[in-house]
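Computed from a prediction, not measured in an experiment: that's the story for all the values here. Keep in mind that the numbers below use all heavy atoms, side chains included, and drop hydrogens, waters and symmetry copies.
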Amino acid sequence: MKKLCVFLISFLLLKFSLILCGFTETRCFWRIKSNEENDRDLRTDCGFALFMTPGHVDEDFYNGLIDFGIPTSKYEFFLVLFFATDEINRNPFILPNLSLTFSFAVGMCFDTLEIIDELNSQQNNTSRFLNYDCGMYDCDAVLTGPSWTTSLKLAIYIKAPKIFFGPFHPILSDNIHLSYVYQIAQKDTCLPHAMVSLMLYFTWTWIGMVISDDDQGIQFLSNFREEMQRNGVCLAFVNVIPDNIQLYMTRAGIYDKQIMTSSAKVAIIYGEMNSTLEISFRRWGCLGVQRIWVTTSQWDITTCKRDFSLDLFHGTVTFAHHHGKVSKFKNFMQTMNTSKYPVDISQMRIKWNYFNCSVSKTNYSTRNHFSFNITLEWLSQHRFDMDLSEEGYNLYNAVYAVAYTYHEIILQQVESQQIAELKGLSYDCHQMASLLKSRVFTNPIGELVNMNPREKLCAEYDIYNIWNFPQGFGLKVKIGGYSPYFPQNQQLHISEDLEWAMGATPVYMEQCVSCPEDQYSNTEHTHCLQRHVSFLSYEDPLGMTLACMSLCFSALTALVLGAFVKYNDTAIVKANNQILSYILLISITFCFLCSLLFIGHPNIVTCTLQQTTFGVFFTVAVSTVLAKTITVVLAFKLTAPGGRMRGMLVSGAPNFVIPICTLVQFVLCGIWLVTSPPFIDTDTHSERGQIIIVCNKGSVIAFHFVLGYLGSLALGSFTVAFLARNLPDRFNEAKFLTFSMLVFCSVWVTFLPVYHSTKGKVMVAVEVFSILASSAGLLGCIFVPKCYVILIRPDSNSLQKYRDKSLH
């Protein structure tokens with residue numbers, strides 16, 4: 001049975017090779033994983049220290065260092081370090097008469113974080129790792145990765161300069177708290193645009209997204225939404241996976257159901273490995289969820305054996321930072337001196353290895369080629385040529401960054417004659433750090449490396465499609481690339497032969513078409529449903545309540561006016577300028593009634609009259625209050641007979657405040673109506689499935705001018721009334737006017753933030769309620785005490801009785 005499986009795999013690989021051989025400039029890769037457990041330690045971290053020693057490295061130097069074993073998944077890091085240090089040591093122009101070597105602590109590639117915590121708990125006031133020899137000093141550079149959490153903890157426990165060779169993470173860019181941590185990887189600033197470009201190319205306009213619930217995931221979602229909205233791509237669902245495992249377990253069923261029932265065949269994965277997001281990804285694979293996963297290169301993992309499918313376009317599409325091929329790396333591995341470097345190269349079959357897509361140049365006819373007992377000789381015969389991962393390439397650049405920094409430090413020491421003999425060792429951490437953070441160099445394959453995070457440009461990407469076959473076989477093919485430095489329509493490049501090789505369009509996706517304005521999509525996003533027209537109507541409970549309040553308050557105001565007319569000869573009515581009281585009551589009545597213009601189906605007449613009527617009637621009311629307060633002040637302050645100001649008081653000059661203030665408001669409203677009048681508008685966003693008909697103000701500036709003028713009048717009235725509150729006389733209403741203006745101002749100051757934080761008919765209801773509340777404040781504070789005296793205490797409403805009582 002096993003032999004039959006191997007034969008089938010050989011046949012399928014042959015089939016894919018025939019399909020892909022027509023690709024132009026396309027790279028293909030293979031790998032063999034004996035079981036999926038190889039992925040479990042894939043994301044454990046490693047910490048290495050680079051230091052210099054005089055002369056050449058001893059032949060058995062690394063035998064004592066790594067005789068306890070290396071995790072299979074970390075072979076690449078050790079091979080890169082062996083290769084990079086060997087290449088540097090052979091170059092006489094970088095570190096002459098010196099050797100660059102590396103070391104690492106026991107366990108620093110297995111349980112890294114546990115080892116760091118253990119070292120910290122010892123509190124031995126040293127930052128030196130256990131088992132370090134060959135003279136590691138406090139300021140020797142430390143290389144950590146691929147997880148950012150390791151670098152974060154090392155930044156706290158160890159003050160030496162550290163280079164992180166994993167994916168770029170914004171947390172590690174904190175120059176204040178993490179001043180000695182530097183990142184070699186490029187930023188993913190242009191990744192959302194690159195992914196959206198791929199979506200558009202394959203007409204994948206109906207997609208899902210799964211992100212981690214952290215700042216990096218939320219920022220990616222925000223950037224992706226912007227690109228998506230500009231290009232007509234729609235999100236079927238967004239799963240935001242919490243980092244807390246307990247919280248995740250309570251919601252795991254919801255996430256499973258959402259992705260399994262969705263009609264979207266493409267899903268984007270973005271976030272950290274070694275997280276609940278990775279648990280979800282592996283879980284969905286084992287549940288048989290078949291999707292095209294679009295993600296970054298770090299998500300190249302094997303989920304379950306059952307994830308194999310014969311679909312031609314299936315599996316994982318990854319975006320990997322573009323980098324050139326380190327051509328000398330292949331020769332180094334094939335000619336490696338195993339007595340000097342004690343590693344088993346055949347273990348690298350779990351990594352991606354180049355192979356020629358053309359069958360004519362590679363013989364796959366013998367099924368024994370896929371035996372699990374692969375030897376170094378077999379790999380050499382079949383062009384074993386490992387492709388460096390992103391972390392491996394970053395590590396390669398990190399070693400060179402340290403080497404060039406050491407080179408510059410030595411030159412500075414020589415020039416300043418600080419040392420008589422070159423030993424290549426520096427103890428100045430600040431000097432080392434300052435040179436590392438601004439390090440810019442060209443690596444041996446001719447690519448520019450910039451360590452300054454502020455100068456990191458948008459990355460270029462290679463796009464790969466990955467298939468995972470049974471028995472641990474994997475196939476990866478480069479299907480295109482993305483470069484932000486090309487013109488807009490040429491940034492994404494997909495192999496011209498891809499569609500022909502696949503036989504048709506890769507996936508037939510539902511077209512995402514925007515529904516008309518009067519319709520909305522159902523929850524499954526498969527149909528457009530008719531929206532319901534909505535507005536603040538009289539049948540609506542809220543509208544009915546506000547209309548009843550308006551009518552009741554206006555009727556109550558009319559009754560108060562009737563009482564004042566009936567008892568117009570009493571002292572309390574005469575003492576407070578009864579003409580102004582009549583004007584104020586009439587204006588308050590219209591203030592209550594003008595709120596009815598906001599209720600009901602909006603039309604061009606009501607939209608035009610709403611704000612202007614409200615502004616004019618309230619201006620009359622507030623200016624009347626201002627006239628009454630001026631009258632009170634003049635009556636008590638200007639007592640000299642025959643004076644000019646007394647004559648103005650007798651002639652009723654304060655009453656001219658009302659027409660003057662109202663005229664100014666008329667002018668403001670006239671300018672508003674001429675320049676940008678209100679109009680009927682629709683709101684389709686506040687409530688799902690609703691078209692809310694509202695009156696658009698036309699000019700928000702004009703509205704706030706009208707409201708601001710009204711507020712200035714109220715503030716002036718409040719100020720004058722407040723100054724006159726302590727004037728003597730039983731019938732002095734200055735205190736009542738003060739309280740009324742205080743209530744009025746409080747209502748409209750509260751109105752502004754509430755009004756701007758609501759939408760739709762709720763926003764209309766807020767304005768109506770503010771009109772009713774402020775009008776009721778004027779009525780209650782000024783006239784309720786007077787009505788109490790007129791109707792309940794008529795004995796107090798007599799000037800003669802008040803004088804007699806004062807004499808006694």
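Thr295 places a side-chain N or O within 3.5 Å of a backbone atom of Ile269 that can act as its donor or acceptor partner. A donor-acceptor distance shorter than 3.5 angstrom exists from the side chain of Ser676 to the backbone of Gly698, with no hydrogens or angles considered. Here the side chain of Thr613 pairs no donor or acceptor atom with the backbone of Gln610 at under 3.5 angstrom. Proximity of a side-chain donor or acceptor of Asn231 to a complementary backbone N or O of Glu227 within less than 3.5 Å is detected. Not a single donor-acceptor pair under 3.5 Å links the side chain of Arg291 to the backbone N or O of Gly208. Here the side chain of Asp243 pairs no donor or acceptor atom with the backbone of Ser275 at under 3.5 angstrom. A donor-acceptor pair under 3.5 Å links the side-chain atoms of Thr608 to the main chain of Ile604, judged by distance alone. Without hydrogens or angle criteria, Thr662 side chain to Pro659 main chain gives no donor-acceptor distance under 3.5 Å. Judged by distance alone, the side chain of Ser262 and the main-chain N or O of Gln258 form no donor-acceptor pair under 3.5 Å. Between the side chain of Lys265 and the backbone N or O of Ser263 there is at least one donor-acceptor pair closer than 3.5 Å.
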* side chain to side chain contact (heavy atoms under 4.5 Å, CB included) between Ile693 and Ile680, worked out -> CA-CA 7 Å; Ile693 302 178; Ile680 302 175; 3.7 Å; yes
**OP:** Quick one: do Leu584 and Ser587 satisfy side chain to side chain contact (heavy atoms under 4.5 Å, CB included)? Show the steps, please.
**Re:** CA-CA 5 Å; Leu584 181 57; Ser587 63; 4.0 Å; yes
Determine whether Asn465 and Thr316 satisfy the following criterion, side chain to side chain contact (heavy atoms under 4.5 Å, CB included), listing intermediate values before the conclusion.
CA-CA 6 Å; Asn465 192 202; Thr316 305; 5.7 Å; no
Practice item. Test side chain to side chain donor-acceptor pair (under 3.5 Å) on Glu767 and Gln611 and set out the steps. Key: CA-CA 10 Å; Glu767 187 169 1; Gln611 306 298 339; 3.2 Å; yes
Residues Ser581, Lys628; criterion side chain to side chain donor-acceptor pair (under 3.5 Å); working and verdict: CA-CA 8 Å; Ser581 297; Lys628 289 173 73 69; 3.1 Å; yes
*Give the C-alpha distance, both sets of side-chain angles, the deciding distance and a yes or no for side chain to side chain contact (heavy atoms under 4.5 Å, CB included) between Arg225 and Leu235.*
CA-CA 9 Å; Arg225 282 187 187 275; Leu235 283 177; 3.9 Å; yes
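Between Val706 and Cys669 the shortest heavy-atom distance is CG2-SG, 4.3 Å. Of all the heavy atoms in Val622 and Ser717, the pair that sits closest is O-OG, 3.5 Å. Looking at every heavy atom in both residues, Cys594 comes nearest to Ile771 through SG-CG2, 4.3 Å. The two atoms that bring Cys661 and Leu713 nearest to each other are SG-CD2, 3.7 Å, heavy atoms only. Smallest separation of non-hydrogen atoms from Pro785 and Gly780: CD-O, 3.5 Å. Minimum interatomic distance between Gln216 and Pro170 (heavy atoms only, all atoms of both residues): NE2-CD, 3.8 Å.
A donor-acceptor contact under 3.5 angstrom links the side chains of Gln219 and Asn223, judged on distance only. Side chains of Ser595 and Ser550: a donor on one and an acceptor on the other come within 3.5 Å. Under 3.5 Å, the side chains of Thr612 and Trp672 contain no donor-acceptor pair of N or O atoms. Side chains of Ser537 and Lys761: a donor-acceptor N/O pair is absent below 3.5 angstrom, by distance only. A donor atom on one side chain and an acceptor atom on the other are found under 3.5 Å apart for Ser280 and Tyr248. Neither side chain, Ser483 nor Gln491, offers a donor N or O lying under 3.5 Å from an acceptor on the other.
Between Phe618 and Ser775 the shortest side-chain heavy-atom distance falls below 4.5 Å. Here the side chains of Phe703 and Leu707 are in contact, with some heavy-atom distance below 4.5 Å. Using a 4.5 Å heavy-atom threshold, the side chains of Met763 and His756 count as separate. Proximity of Phe224 to Val196: side-chain heavy atoms (C-beta onward) are separated by under 4.5 Å at one or more points. Using a 4.5 Å cut-off on side-chain heavy atoms (C-beta onward), Leu200 and Val233 make contact. Under the 4.5 Å side-chain criterion, counting only non-hydrogen atoms from C-beta, Tyr270 is not in contact with Ser212. Two residues are said to be in side-chain contact when any heavy atoms from C-beta on lie closer than 4.5 Å; Leu556 and Leu779 meet this criterion. Considering only heavy atoms from C-beta on, Phe718 comes within 4.5 Å of Thr738 through its side chain.
In the displayed structure, Phe739 atom CZ is contacted under 6.0 Å by at most 12 heavy atoms of other residues, nucleotides or ligands. Annotation: Tyr582, atom OH; neighbour count of heavy atoms from other residues, nucleotides and ligands within 6.0 Å is above 12. Around atom CZ of Phe486, no more than 12 heavy atoms belonging to other residues, nucleotides or ligands sit under 6.0 Å away.
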If you look only at distance, which donor and acceptor atoms sit under 3.5 Å apart when one is on a side chain in residues 744-754 and the other is two or more places apart or in another chain?
residue: Ser746; atom: OG; partner: Leu742; partner atom: O; Å: 2.7
residue: Trp748; atom: NE1; partner: Ser774; partner atom: OG; Å: 3.2
residue: Thr750; atom: OG1; partner: Ser746; partner atom: O; Å: 2.7

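Partners of Gln246 by side chain to side chain contact (heavy atoms under 4.5 Å, CB included), not counting sequence neighbours, listed by chain and number: Asn244. Taking Cys607 as the reference, Cys695 meet the disulfide bond (SG atoms under 2.5 Å apart) condition, with sequence neighbours excluded.
In this structure, CG in Leu778 is found 5.0 Å from CD1 in Ile588, a value given to the nearest 0.5 Å. With rounding to the nearest 0.5 Å, the separation of CG in Leu492 from CE in Met195 is 12.5 Å. The structure places CD1 of Ile782 at 10.0 Å from CZ of Phe736, a figure rounded to the nearest 0.5 Å. With rounding to the nearest 0.5 Å, the separation of OG1 in Thr619 from CG in Leu626 is 11.5 Å. Atom CD1 of residue Ile292 and atom CD1 of residue Ile268 lie 12.0 Å apart, to the nearest 0.5 angstrom. Separating the CZ atom in Phe666 from the CD1 atom in Ile671 is a distance of 13.5 Å, to the nearest 0.5 Å.
Between Phe281 and Trp299, the two ring planes are perpendicular [angle over 60°; tilted spans 30° to 60°]. In this pair, Tyr482 and His193 present their aromatic rings tilted. The plane angle is within the 30 to 60° band.
Between Phe783 and Phe564, a ring centre-to-centre spacing shorter than 6.0 Å is recorded. The aromatic ring centroids of Tyr709 and Phe705 lie 6.0 Å or more from each other.
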